[in-house]
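Notes for the one structure printed next.
From a predicted model like this one, the values you see are computed outputs, not experimental measurements.
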Number of protein chains: 2
Amino acid sequence: MSTIRLLLADDQALVRGALAALLDLEPDLSVVAEVGSGDAVVPAAREHRPDVALLDVEMPGLDGIEATRALKQAMPATRVLIVTTFGRPGFLRRALQAGADGFVVKDTPARQLADAVRRVQAGLRVVDPALAADSLVAGESPLTGRETEVLRAARDGASVVTVAGRLFLSAGTVRNHLSAAIGKTGAANRAEAVRIAEEHGWL
Amino acid sequence: MSTIRLLLADDQALVRGALAALLDLEPDLSVVAEVGSGDAVVPAAREHRPDVALLDVEMPGLDGIEATRALKQAMPATRVLIVTTFGRPGFLRRALQAGADGFVVKDTPARQLADAVRRVQAGLRVVDPALAADSLVAGESPLTGRETEVLRAARDGASVVTVAGRLFLSAGTVRNHLSAAIGKTGAANRAEAVRIAEEHGWL
DNA sequence: ACCTGGGCGTGACAAATGTCAGCGACCCGG
DNA sequence: CCGGGTCGCTGACATTTGTCACGCCCAGGT
């Protein structure tokens, strides 16, 4: 049995290095490339031809989801395993839609990671069961495209007019979109709506 | 030269295990205990007598800062090295005040971690230079105790009356404290004030 | 004894926010 | 071709939020 070649992508160098150390302990696994940003994933994959890519969701440049899409398009044979800090239900859904073969939260015990890699390499889907359940109840984002944009632009506490300026919209329109988002999220508030949408992975 | 005994505390099992793997590669280091919450730090330290404790800041139960204080009080000889995701200037200051011997961000290269551990064990202070500079400019929190409390209670987007109810205050008082916090942070907004305060590590 | 600063409260005011109804435009599927 | 949905905009309205001035109490330093 030949060794499985791995690519690691995580913006935190310490975590990246530590994961590499952990996975290199396994005799059948070998980390052939490490990158710290989403943009670097595809070039590194072209050069080192990994069997499996472990991608973090939170990354500068392309995030893990977009990087998955790009990688699957460039090299469809490469398996993708998403490794992330936050178990946002929406992330799981979007990751799978982007073509990911597995989804692991950083809460899972260290020893299971190598198994997850092997399963993914074998062509199986690996998904955290608890998270999958959450994803089903949470469902898809109820927010329309514009509402999502507006809510995202209001994340940092910008006022209505500021957001309107950023998106080239009328202030009234922004207010309406925000109102709709607040209603759909069940929030009482702009800030609360942002929080809820973020927790569900809708932003 | 005897080996340095380590205690690892991080709520993310995968990261914890990976760090353990990384550090165990060094011949002079040995991970003798791993815990996933701040409350477990002191008991584990009592049992395993580590030379150096690596603590994450973000943890359930006691956070890394409080755990540092507790550990230093219970076993002053133990060296504490804080390892954290976010380079919030305020965290550094509070960590050092709580008695930490070193402060490392998760962005630093993996190979430097072992060195940081050795330096801390040798009695030196280890601090990320860039972060130290930030800490100097950012300075201490300008917020008074009450203002901090109120701002923290308003973090999730709660309304004035809700916050007032939580803290057993009058609505007007809450508004005044919030107004003061907004002024001191230079924000235009409650939400912005929260964001700014969080970025500085004042919450 | 005096001053200072933080905490707590009230009242009043302007500005921002959230809600609602209604209008025209567009695209897509039946 | 005619809905239905999304988008964009307006205007009006009640509520919330942010600001300010003012007062009271208490703990600390001088």
Side-chain angles (χ1 to χ4, degrees), chain A residues 90 93-94 97 138-203, chain B residues 90 93-94 97 138-203:
Chain A
R93 175 181 303 271
R94 279 190 284 159
Q97 280 173 351
E140 215 155 345
S141 171
L143 302 174
T144 157
R146 244 347 187 193
E147 283 159 7
T148 312
E149 273 184 87
V150 172
L151 198 55
R152 197 179 296 149
R155 230 186 326 199
D156 55 0
S159 71
V160 175
V161 281
T162 312
V163 173
R166 267 188 229 166
L167 299 180
F168 306 102
L169 289 177
S170 152
T173 305
V174 171
R175 281 224 298 254
N176 283 340
H177 282 309
L178 281 176
S179 184
I182 291 169
K184 287 181 182 176
T185 51
N189 223 323
R190 183 182 315 198
E192 206 181 337
V194 168
R195 191 174 51 77
I196 293 175
E198 274 180 344
E199 279 171 8
H200 285 21
W202 292 339
L203 290 192
Chain B
R93 174 181 304 269
R94 280 190 282 158
Q97 279 171 353
E140 215 154 346
S141 170
L143 303 175
T144 122
R146 242 352 185 185
E147 284 159 6
T148 312
E149 274 184 86
V150 172
L151 199 55
R152 197 180 295 149
R155 235 194 313 205
D156 56 0
S159 71
V160 175
V161 280
T162 311
V163 173
R166 268 189 228 165
L167 300 180
F168 306 100
L169 289 177
S170 151
T173 306
V174 171
R175 283 227 295 263
N176 283 341
H177 282 310
L178 280 176
S179 185
I182 291 171
K184 288 180 181 176
T185 51
N189 224 322
R190 182 183 318 198
E192 206 180 338
V194 169
R195 192 172 52 76
I196 293 174
E198 275 180 344
E199 280 171 9
H200 288 313
W202 292 338
L203 290 192

Contact class for Thr173(B) vs. all strands (heavy atom < 4.0 Å): base, sugar-phosphate, or nothing?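 The residue Thr173(B) makes base contact.
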
Would you say the side-chain atoms of Arg190(A) pair up with the backbone N or O of Ala154(A), donor to acceptor, closer than 3.5 Å?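 No; zero donor-acceptor contacts below 3.5 Å.
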
Between the main-chain N or O of Gly201(B) and the side-chain N or O of Arg94(B), is there a donor-acceptor pair closer than 3.5 Å? yes

If we only count heavy atoms from C-beta on, is the Val194(A) to Leu151(A) side-chain gap below 4.5 Å?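 Side-chain contact under 4.5 Å: yes.
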
Expressed in angstrom and rounded to an integer, what is the separation of [X] atom [atom1] from [N] atom [atom2]?
X	N	atom1	atom2	answer
Glu147(A)	dG8(D)	CD	P	11 Å
Leu169(A)	dC7(D)	CG	P	11 Å
Leu143(B)	dG5(C)	CG	C1'	16 Å

If I take atom CZ from residue Arg195(B) and atom CG from residue Asn189(B), how far apart are they, to the nearest 0.5 angstrom? 9.5 Å

Hey, is Arg152(A) close enough to Glu149(A) for a salt bridge, meaning N to O under 4.0 Å?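 No, no charged N to carboxylate O under 4.0 Å.
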
With Arg146(A) as reference, evaluate Val174(A), Thr173(A), Leu169(A), Asn176(A) under the side chain to side chain contact (heavy atoms under 4.5 Å, CB included) test and give the passing residue.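 Testing Arg146(A) for a side chain to side chain contact (heavy atoms under 4.5 Å, CB included) against Val174(A), Thr173(A), Leu169(A), Asn176(A) leaves exactly one candidate, Leu169(A).
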
Restricting both atoms to N or O, compile the protein contacts to nucleotides 26-29 of chain C shorter than 3.5 Å, with distance only.
none

Evaluate the ring planes of His200(A) and Trp202(A), with Trp represented by its six-membered ring, and classify them as parallel (under 30°), tilted (30 to 60°) or perpendicular (over 60°). perpendicular

Before you tell me yes or no, could you show the steps for Thr185(B) and Glu192(B) under side-chain contact (heavy atoms from CB on, under 4.5 Å), namely the whole-Å CA-CA distance, both residues' side-chain angles and the distance that decides it to 0.1 Å? CA-CA 9 Å; Thr185(B) 51; Glu192(B) 206 180 338; over 6 Å; no

What residues in residues 174-196 of chain A put a non-hydrogen atom under 4.0 Å from any atom of DNA chain D? Arg175(A), Asn176(A), His177(A)

